[in-house]
Structure formats: C-alpha cells, structure tokens
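Below is one structure, written out as structure tokens; the observations come after it.
For this chain, numbers begin at 1 and follow the sequence in order. Computed from a predicted structure; not experimentally measured.
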Amino acid sequence: MLKRRRKSGRPSRLKGTTIARLIPNMITVASTCAGLTGVRYALEARWEFAVAAILVAAILDALDGRMARLLRATSDFGAQLDSLSDFVAFGVSPALILWLWGLSELGGPGWGIALFFAVCCGLRLARFNSRLDKLPPYAYNYFQGIPAPAGAAIGLLPLTLGFVLGDAALIPPWAAGLWMVGVALLMVSEVPTFSFKKFKLAPRWVLPFMVLVGIFAAGLASAPWETLTIVGAAYLGTIPVSLQSYARLRREADRLQAAEGGAEDAAAASEDETSKAETPKEGASVHTLRGQ
C-alpha cells in the first residue's frame, strides 16, 4: 500500500491559544496595573489620580468577565487570575492609598486598619469563590456582602468627599479609619446586596434608564467627585431594600419547600395506606385456602 504523503507546500497548523481568547486575561492584568498605579500616585501625593486609578481598575474588572463570556474564553486560570487581581486592586491598593493619605498619622492603629481592610477583601474573595454554584436559586441575583470593587470605591469615599469640600485634609484620619473598618465588615458580612448584572428592565423603563446613564456621564464629565459621592451614597441606600427583597424571597422559598415536603409526606402516607389495604391479613389468607 502506498502511504499518503503530506503535501510539502502546506505548513502544519500551530497548536496554541488565540490572541482573542487572551483578551479577558489581558484586561484583568490591566486592572491589576491600574490598581498599583494608584499606589504610585499616592506616593506622589496626587490623590485625585490615585482614586481615579482605582475607578479605572473597577471598570476594567467589570469588563473582563463579560468579555470572557462573549468570546467563550472562560477558564479556571482566568477565574483565579481575576481573584488575585481583585485582591491587589481593591484590597491592597485602596488600603495603601488611604494609609499614605492620612491613616499613617494614627500610627500603629492606622496601619492595623489598612491591614484589616486588605485581609477582609481577601476573605470576601475566597468566600465568593468557594460558594460558586452552591447558592440557592433565589440568591443568584444577590451578593453576600458588598463586592470587592464596590468596597474599594466606597472605602475611598472619605477622599472623594474631601475633594468635594475642596481639601482632602478636611476629613479627619480617625473618621476615615472608622469608615474603612465599617466597609471591611460589610465586605465579609452575610448582608445580601443587589447584583445588578442580571437585572432585567421592562420595555417602559429602558428609555428612563438611558436618560439616567446620560445624566451620570454628564456628571462625571462636569463634576466627577460630586457624582461619585452621590452614586456611592445611593448604593449604600440600596442595602436596606436588598435586605427586604432577599428576606421576602427566602420566606417564599421556605414556604414552597414546606408545601412540597407536606405533599410528599401526604403521598407517602397514602401509599402506605394503599399497600396495607391491598395486603391480605394472615387469617383471611388461611380461610381462603380452606375454601379451595
């Protein structure tokens, strides 16, 4: 038999990963770089640029997951890289920025607050990864605690409020430290908060939502720190609403589960009664045999 020879004019295909599938990981790395760049700006006392760098990291973090799903490039490597990037950009970097800004004036307690914030962010990310695909159906539109990007943005609110007032030094370091502790506790808490990724809008709300997006964009362009402060306060205002909504869904799920359990018990009891009725008694079976 003649063996088929490979055509010499056609080069063999290279095996590997396409550049398109690496785009989500590239965005994740860029988010890490943005967070660390914020630390560099803090070392230079350029506080507005430092906060802006953390916000850029948050925007990139919101894009990498969506890009991965769009390109069908999700992987375990990307998930682990994303978690490590979030820890650096939203745990370590904001803590260092606030310590360099004013917590250092508190001495040891100030450094302890910075460490506490970073550690809580890491614990929050580890818990999130360990609970993937383990949440009940009614909890998929909620986070347990505030997510890491939101925690970083809200933790930096003392700085943005200082920008609104005209001087970041007007905010006392002890007040910023207490605020950071509260935000860190919110990150590791079990408080359900809205996950706006899967929210669906009715057709009649699409136009008003786009108007709000336009107002937000105009606010960022004309008064960025005032706009970010208002958005942060509005996000905190949604937490009581999310608590009520989550509690209502959990009660409804418990009620349905109890109803299903009662129905199963009733069906089992009915089957037992039926089996007892169909099984002849010992005396009756003997009497039937004698009659035959």
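- The closest side-chain heavy-atom distance from Pro158 to Met180 is not below 4.5 Å.
- Counting only N and O atoms by type, the side chains of Thr28 and Asp64 include a donor and acceptor under 3.5 Å apart.
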- Message: Let's go through Leu156 and Leu55 carefully: what are the C-alpha distance in whole Å and the side-chain angles of both, what is the deciding distance for side-chain contact (heavy atoms from CB on, under 4.5 Å) to 0.1 Å, and is it a yes or a no?
- Response: CA-CA 10 Å; Leu156 292 173; Leu55 296 177; over 6 Å; no

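- Note: Trp111 and Trp99 have perpendicular aromatic rings, judged against thresholds of 30 and 60 degrees for the angle between ring planes.
- Atom CZ of Arg127 is separated from atom CG of Asn129 by 11.5 Å, given to the nearest 0.5 angstrom.
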- Using the side-chain contact (heavy atoms from CB on, under 4.5 Å) rule, take Leu100 and Ser104 through it: C-alpha gap first, then chi angles, then the decisive distance, then the call. CA-CA 6 Å; Leu100 291 169; Ser104 57; over 6 Å; no

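- Under a cut-off of 6.0 angstrom, the local environment of CH2 in Trp174 is sparse, with at most 12 non-hydrogen atoms contributed by other residues, nucleotides or ligands.
- Counting heavy atoms from C-beta on, the side chains of Val183 and Leu157 never come closer than 4.5 Å.
- Asp61 and Ser31 are not linked by any side-chain donor-acceptor pair at a separation below 3.5 angstrom, with hydrogens and angles left out of the test.
- A donor atom on one side chain and an acceptor atom on the other are found under 3.5 Å apart for Tyr142 and Ser245.
- The pair Arg40-Glu44 counts as a salt bridge, with a side-chain nitrogen and a carboxylate oxygen less than 4.0 angstrom apart.
- Dense packing is recorded around CG of Asp167, with more than 12 heavy atoms of other residues, nucleotides or ligands lying under 6.0 Å away.
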